[in-house]
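Scroll down for the structure; my scribbles are underneath it.
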Amino acid sequence: MTVRQAGSTIVACLMDRVCMDDTPWLLLAAAGTALAVLLHIGCIIFGARWYAFFGAGERMVRLSRAGHPFPTAITTAITAVLALWTAYALSAAGWLPVLPGRQEVLVLIIAVLGVRGLAGLLIGRVRPGCNGARFWYTSSAACLTLAGLHLAGSVQVWTRL
């Protein structure tokens, strides 16, 4: 499928309410994950100020301010994973071509987001460290929300995957 064909498919799907109504949870999961991608890209581009705003911790802010490659490398890796997860949600929703191992990857996405969300709540309460409780609670809420959306969407389309 070419980029033009994929674009045409997405436009046609947007105009067809049945397509949107058929997989709303996966589309919300994809949208939320895509938003996380954009926010992480913003941190890479805008640096220390964005890291600080999103509560990434004093160490990440300090390293970013100093021009150290570590914050960019970590954030780039997270961004790549989130972008891949967005693609899998869109594939499962029928908006992108079939990707290999959709069921297994969706289960993995739900598990990783769920474990990260629950662990972050515990870390935020017991040992917030340099990131601070606000970062752990906010990011955990986002992870648990995305896990729930991926789960609801996966249940909705499981037999078609």
Side-chain angles (χ1 to χ4, degrees), residues 1-45 50-51 54-57 60 71-128 131 133-161:
M1 178 179 274
T2 68
V3 172
R4 173 177 251 149
Q5 289 170 326
S8 296
T9 301
I10 290 171
V11 169
C13 217
L14 283 171
M15 298 175 77
D16 179 10
R17 287 192 40 80
V18 173
C19 182
M20 285 182 60
D21 291 341
D22 193 34
T23 56
W25 301 116
L26 280 171
L27 295 177
L28 287 171
T33 310
L35 176 61
V37 167
L38 293 174
L39 293 174
H40 281 82
I41 290 171
C43 287
I44 294 167
I45 293 170
W50 274 51
Y51 283 112
F54 287 106
M60 288 288 275
T72 300
I74 290 294
T75 308
T76 300
I78 293 168
T79 302
V81 170
L82 291 170
L84 184 65
W85 290 357
T86 300
Y88 266 89
L90 289 171
S91 174
W95 282 46
L96 289 179
V98 174
L99 295 175
R102 286 188 303 182
Q103 287 181 325
E104 294 83 0
V105 172
L106 286 170
V107 169
L108 181 65
I109 291 168
I110 295 161
V112 169
L113 287 169
V115 168
R116 166 53 184 85
L118 293 174
L121 291 175
L122 180 63
I123 292 168
R125 183 164 170 27
V126 176
R127 191 163 190 243
N131 283 340
R134 179 181 66 128
F135 169 80
W136 288 111
Y137 292 144
T138 304
S139 61
S140 292
C143 288
L144 291 172
T145 299
L146 290 173
L149 291 171
H150 278 89
L151 176 61
S154 296
V155 167
Q156 190 175 37
V157 299
W158 193 258
T159 58
R160 297 185 307 221
L161 295 178

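Residues Leu151 and Leu106 form no side-chain contact, since every pair of their non-hydrogen atoms from C-beta on lies 4.5 Å or further apart. Counting heavy atoms from C-beta on, the side chains of Leu99 and Val105 never come closer than 4.5 Å. In this structure the side chain of Val81 never reaches within 4.5 angstrom of the side chain of Val112, judged on heavy atoms.
A distance of 6.5 Å separates CD1 of Ile74 from CE of Met60, quoted to the nearest 0.5 Å. Rounded to the nearest 0.5 Å, atoms OG1 (Thr86) and CD1 (Ile109) are 8.5 Å apart. Between the CG atom of Asn131 and the OG1 atom of Thr138 there is a distance of 11.0 Å, given to the nearest 0.5 Å. One distance of note links CG of Leu38 with OG1 of Thr33; it measures 11.0 Å at 0.5 Å rounding. Of the inter-residue distances, the one linking Ile78 atom CD1 with Ile41 atom CD1 reads 12.5 Å to the nearest 0.5 angstrom.
Between Ala29 and Leu149, the shortest heavy-atom contact is CB-CB, 3.8 Å. What you find for Leu113 and Ala147 is that their closest heavy atoms are CB-CB, 3.7 Å. The two residues Ala133 and Pro128 come nearest to each other via the heavy atoms N-CB, 3.5 Å. His150 and Trp85 make their closest contact through NE2-O, 4.3 Å (heavy atoms, listed as atom of the first residue, atom of the second, distance). Residue Ala87 comes nearest to Leu96 through the heavy atom pair O-CD1, 3.7 Å, listed as atom of the first residue, atom of the second, then distance. Considering every non-hydrogen atom in both Tyr51 and Thr72, the closest pair reads OH-N, 3.9 Å.
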Inset, instruction - Walk me through it: do Trp158 and Leu161 pass the test side chain to side chain contact (heavy atoms under 4.5 Å, CB included)? - result: CA-CA 5 Å; Trp158 193 258; Leu161 295 178; 4.0 Å; yes

Inset, instruction - Please test Leu121 against Trp136 for side chain to side chain contact (heavy atoms under 4.5 Å, CB included), starting from the C-alpha separation and ending with a verdict. - result: CA-CA 6 Å; Leu121 291 175; Trp136 288 111; over 6 Å; no

Legend entry - Residues Trp95, Leu27; criterion side chain to side chain contact (heavy atoms under 4.5 Å, CB included); working and verdict: CA-CA 9 Å; Trp95 282 46; Leu27 295 177; 3.6 Å; yes

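Checking side-chain atoms of Tyr88 against main-chain N and O of Pro100 turns up a donor-acceptor pair under 3.5 Å. In this structure, Arg102 contributes its side chain and Ser91 its backbone to a donor-acceptor pair below 3.5 Å.
Remark: Phe54 pairs with Trp50 by the ring pair (Phe, Tyr, Trp, His ring centres under 6.0 Å) rule, at least two apart or across chains.
The salt bridge (charged side-chain N to carboxylate O under 4.0 Å, His left out) contacts involving residues 143-161 comprise Asp22-Arg160, where partners must be two or more places apart or lie in separate chains.
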